[in-house]
Amino acid sequence: MTILCYHSVDPAWESPLAVRPEEFEAQCRWLVKHRTVVPLAHAVTRLDRSGRLPSGQAVLTFDDGFAGVRDHALPVLRRHGLPATVFLVAQTLSDDGLPTQWVRTPPPWPIPTLTRDQVLELRDLGVDFQSHSWAHLDLIGLGYDACVADLRRSKELLEDLLGTTVSHLAYPRGLHDEQVRRAAERAGYSHAYSLPQQPEQPGPYAVPRVGIHRGNGVRTLAIKCARSYLPVRHGPAGAVARRVSGAVRRTG
């Protein structure tokens, strides 16, 4: 797997979504040494039928548009000269705004998301921005017409703000089905990205990514970057490992 999915980089937020700054620094050093990190737009032209990049390449993506990306990830990215894509929940940038109510492991303080001005600041520094839907809803439960409307609304707001075409979509929580994939295509996206928890058929509207979480060290990153990672994870060995991990959590 070569398209990596982060959410935030934050020293204080104790959540799987928030990688510690020192972890992210170590991961970026490893990527510079062992991989060629390419922009997402370049990567999708080179994916094979399994949704994997050529050996030795990787992509960095961030979901949700948390302010920690600007405050803690951006300095590391710039220090190492690494490109990245941030998938934005468009309603957080609307006049009405949107609290981060979709987060399952929130801190005891409000989680800030990027403002319009900050998005434009990062765009001018070379950060790529794409869509993470309008309101981070369960797209599967919306129904086809409502899903198309949600995804189009996000695309239109972001294109108006950024002054460029927004053609990539990351499904909220990576969840999708055949109807959602059709809706993404109808809404005008060229590619959409998942976070497969079980075997699924990859394609332009189901491009697999793998999540990087708080506590993941460089060794874990190397495993998750391996081209064999998802096939092994979704095979018999991965099922056994998940059962063992679940038993340890229940008895720990």
[X] side chain to [Y] main-chain N or O, any donor-acceptor pair under 3.5 Å?
X: Q27; Y: N216; value: yes
X: Q57; Y: A43; value: no
X: T92; Y: V89; value: yes
X: T100; Y: V103; value: no
X: Y189; Y: L151; value: yes
X: T2; Y: L53; value: yes
X: W13; Y: T105; value: yes
X: D48; Y: R52; value: yes
X: K224; Y: I212; value: no

* Do the ring planes of Y171 and H176 sit parallel (below 30°), tilted (30 to 60°) or perpendicular (above 60°)? ->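 Judged by the thresholds at 30° and 60°, the geometry between Y171 and H176 is parallel.
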* Apply side-chain hydrogen bond (donor to acceptor under 3.5 Å, both in side chains) to S154 and S131, showing your working. => CA-CA 6 Å; S154 174; S131 172; 2.7 Å; yes
* To do: Check ring-ring contact (aromatic ring centres under 6.0 Å, His included) between Y6 and all other residues, then give those that pass, not counting sequence neighbours.
  =>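 With neighbours one apart ignored, the set is F24, F62.
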* Asked: When the ring centroid of F129 is compared with that of F87, is the distance short of 6.0 Å?
  -> no
Salt-bridge criterion met for [X] and [Y] (N-O under 4.0 Å):
X: E25; Y: R20; answer: no
X: E159; Y: K155; answer: yes
X: E14; Y: R214; answer: yes

Between [Y] and [X], do the side chains contain a donor N or O and an acceptor N or O under 3.5 Å apart?
X: H191; Y: Y205; answer: no
X: H72; Y: D10; answer: no
X: T61; Y: R209; answer: yes

* Under a single-linkage definition using a 4.5 Å side-chain heavy-atom cutoff for Ile, Leu, Val, Met, Phe, Trp and Tyr, are W102 and W109 assigned to the same hydrophobic cluster? ->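 Looking at the clustering, W109 is in the same group as W102.
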* To do: Flag yes if V148 and L157 sit in one hydrophobic cluster, no otherwise; membership is Ile, Leu, Val, Met, Phe, Trp, Tyr, and two members link when side-chain heavy atoms are under 4.5 Å apart.
  => no
* **Value rounded to 0.5 Å, distance of NE2 in H132 from OG1 in T85** =>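 OG1 of T85 is found 13.0 Å from NE2 of H132.
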* To do: For residues 160-181, pull every pair meeting salt bridge (charged side-chain N to carboxylate O under 4.0 Å, His left out), keeping only residues two or more places apart or in separate chains.
  => E178-R182
* **Within residues 37-47 or reaching into it, pairs that qualify as side chain to side chain donor-acceptor pair (under 3.5 Å) - sequence neighbours excluded** => none
* **Greater than 12 external heavy atoms within 6.0 Å of R116's CZ** => yes
* **Minimum heavy-atom distance between D63 and A170, given as atom pair plus value** =>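 Heavy-atom minimum between the residues: OD1-CB, 3.9 Å.
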